[in-house]
Amino acid sequence: MLDLIILSLHYFLCFLISIAIWRGQKDVDLHSSNTGGAEMQPDGLIFIGKEKDIKQSQRITPKIDGREIVVFYHEGKFHALDSRCYRKIFACVISDIDGQACIVCPWHKFKITLETGEGLYKGINPQDPSPTPKWQSKGVKQRIHKVTVANGNVYVSPLDLSVRFDSDYFAEKYKKGGELAIGK
């Protein structure tokens, strides 16, 4: 019985350590007065972090004007998008779906391409004689942000909110009230 208790404690401690390592230093709140948390450069780009640091951590979540985005480094490329897809995607898994790098929402299993923010689903086209399900687009659901790498630094372009995306609703709701607002 004592062995079982010791083994259970061992697994619990390993679990806590793995969570601490996984959470790490990934959330970043950039400081500046003119963009509400990020440094605006003279050319209009917003400094996110050092290229080597983001490559090492694989992702970082800075805030721009109080809006949380996530910057991924995946297979040699940087990608930036809103960190909320009807929920939070920071803890998501990146998968290859139909030849495209996609995030998979851990709660809802939504599949969103890193390149375009397009939502994907597997379905059957009723006009196609083949009943084989194929990957299809729901359209762009997630706001993506243009990433620029220069002199070892990573930048994103300023937010262009003239076009609305589904992720905007949750990004703005979180910005106004945090985690508690999502459940309201």
Side-chain angles (χ1 to χ4, degrees), residues 24-106 108 110-121 135-176 178 182:
Q25 187 68 308
K26 295 175 186 169
D27 292 341
V28 175
D29 191 9
L30 304 172
H31 301 289
S32 175
S33 58
N34 59 351
T35 58
E39 278 182 52
M40 180 74 78
Q41 301 300 307
D43 56 4
L45 296 176
I46 300 167
F47 173 77
I48 297 301
K50 293 289 186 184
E51 178 180 12
K52 65 180 174 81
D53 295 336
I54 299 171
K55 282 182 176 179
Q56 182 180 1
S57 68
Q58 301 291 299
R59 61 186 83 185
I60 185 172
T61 54
K63 287 185 180 178
I64 298 175
D65 290 328
R67 184 186 191 110
E68 192 176 82
I69 68 167
V70 61
V71 178
F72 291 102
Y73 179 73
H74 180 70
E75 295 183 353
K77 292 173 120 180
F78 286 95
H79 306 275
L81 46 137
D82 283 352
S83 72
R84 304 239 165 224
C85 81
Y86 323 102
R87 236 15 208 152
K88 187 170 183 170
I89 63 171
F90 179 74
C92 68
V93 174
I94 298 176
S95 299
D96 180 70
I97 297 174
D98 201 31
Q100 300 180 75
C102 295
I103 55 169
V104 179
C105 173
H108 306 99
F110 294 140
K111 289 135 185 85
I112 301 166
T113 65
L114 290 178
E115 289 285 332
T116 63
E118 191 175 14
L120 299 178
Y121 71 98
W135 287 106
Q136 299 182 42
S137 173
K138 295 184 201 177
V140 176
K141 299 293 184 181
Q142 195 76 19
R143 178 176 297 282
I144 60 169
H145 308 278
K146 184 177 184 279
V147 179
T148 303
V149 180
N151 301 322
N153 294 321
V154 178
Y155 305 90
V156 296
S157 297
L159 298 177
D160 174 13
L161 300 175
S162 63
V163 177
R164 303 279 303 163
F165 297 98
D166 290 359
S167 66
D168 290 335
Y169 172 79
F170 293 95
E172 291 165 7
K173 191 169 184 175
Y174 176 77
K175 180 179 165 181
K176 290 177 185 170
I182 296 297

#### Entry: Polar side-chain atom of N151 near backbone of N153 as donor-acceptor pair, under 3.5 Å
no
Rounding to 0.5 Å, atoms CD (Q100) and OG (S95) come to a distance of 12.5 Å
Can you tell whether the side chains of E118 and K111 come within less than 4.0 Å, N to carboxylate O? no
Handout entry: Any side-chain heavy-atom pair of Q56 and Y73 under 4.5 Å
Key = no
If you apply the rule side-chain contact (heavy atoms from CB on, under 4.5 Å), what do you find for E115 with K77, and how did you get there? CA-CA 10 Å; E115 289 285 332; K77 292 173 120 180; 2.9 Å; yes
Distance col, row T61:OG1 vs D82:CG, nearest 0.5 angstrom, shows 12.5 Å
CD1 of I60 to CG of D53, rounded to nearest 0.5 Å, is 7.5 Å
Looking at R143 and V163, would you say the former's side chain and the latter's main chain have a donor-acceptor pair under 3.5 Å?
yes
Taken to the nearest 0.5 Å, the spacing of I94 CD1 from E75 CD works out to 8.5 Å
Taking it one step at a time, do R67 and D168 satisfy salt bridge (charged side-chain N to carboxylate O under 4.0 Å, His left out)? CA-CA 10 Å; R67 184 186 191 110; D168 290 335; 2.4 Å; yes
Note: I46 and P158 closest approach over all heavy atoms is CD1-CA, 3.8 Å
Notebook entry, point to check: Any idea how Y155 and F47 line up, ring-wise: parallel (<30°), tilted (30 to 60°), or perpendicular (>60°)?
Noted result: perpendicular
CD1 of I103 to NE2 of H79, rounded to nearest 0.5 Å, is 11.0 Å
S83 side-chain N/O to V70 backbone N/O, donor-acceptor pair under 3.5 Å: no
Review point. Hey, are the side chains of C102 and L120 touching, using non-hydrogen atoms and a 4.5 Å cut-off?
Key: yes
By side-chain contact (heavy atoms from CB on, under 4.5 Å), I144 pairs with (sequence neighbours left out) L81
Checklist line | K146 vs T148 side-chain heavy atoms within contact, under 4.5 Å | finding: yes
* **4.5 Å side-chain heavy-atom contact, V156 and I69** => yes
Note: E51 and F78 closest approach over all heavy atoms is CG-CZ, 3.8 Å
Value for OG (S57) from NZ (K52), rounded to nearest 0.5 Å, stands at 11.5 Å
D98 meets the side-chain contact (heavy atoms from CB on, under 4.5 Å) criterion, sequence neighbours left out, with W135
Kindly indicate whether the side chain of F110, heavy atoms from C-beta on, has any atom under 4.5 Å from the side chain of K138. yes
Scanning both residues in full, the closest heavy-atom pair of A101 with D96 reads N-OD1, 4.4 Å
Side-chain contact, heavy-atom cut-off 4.5 Å: H74 with L114?
-> yes
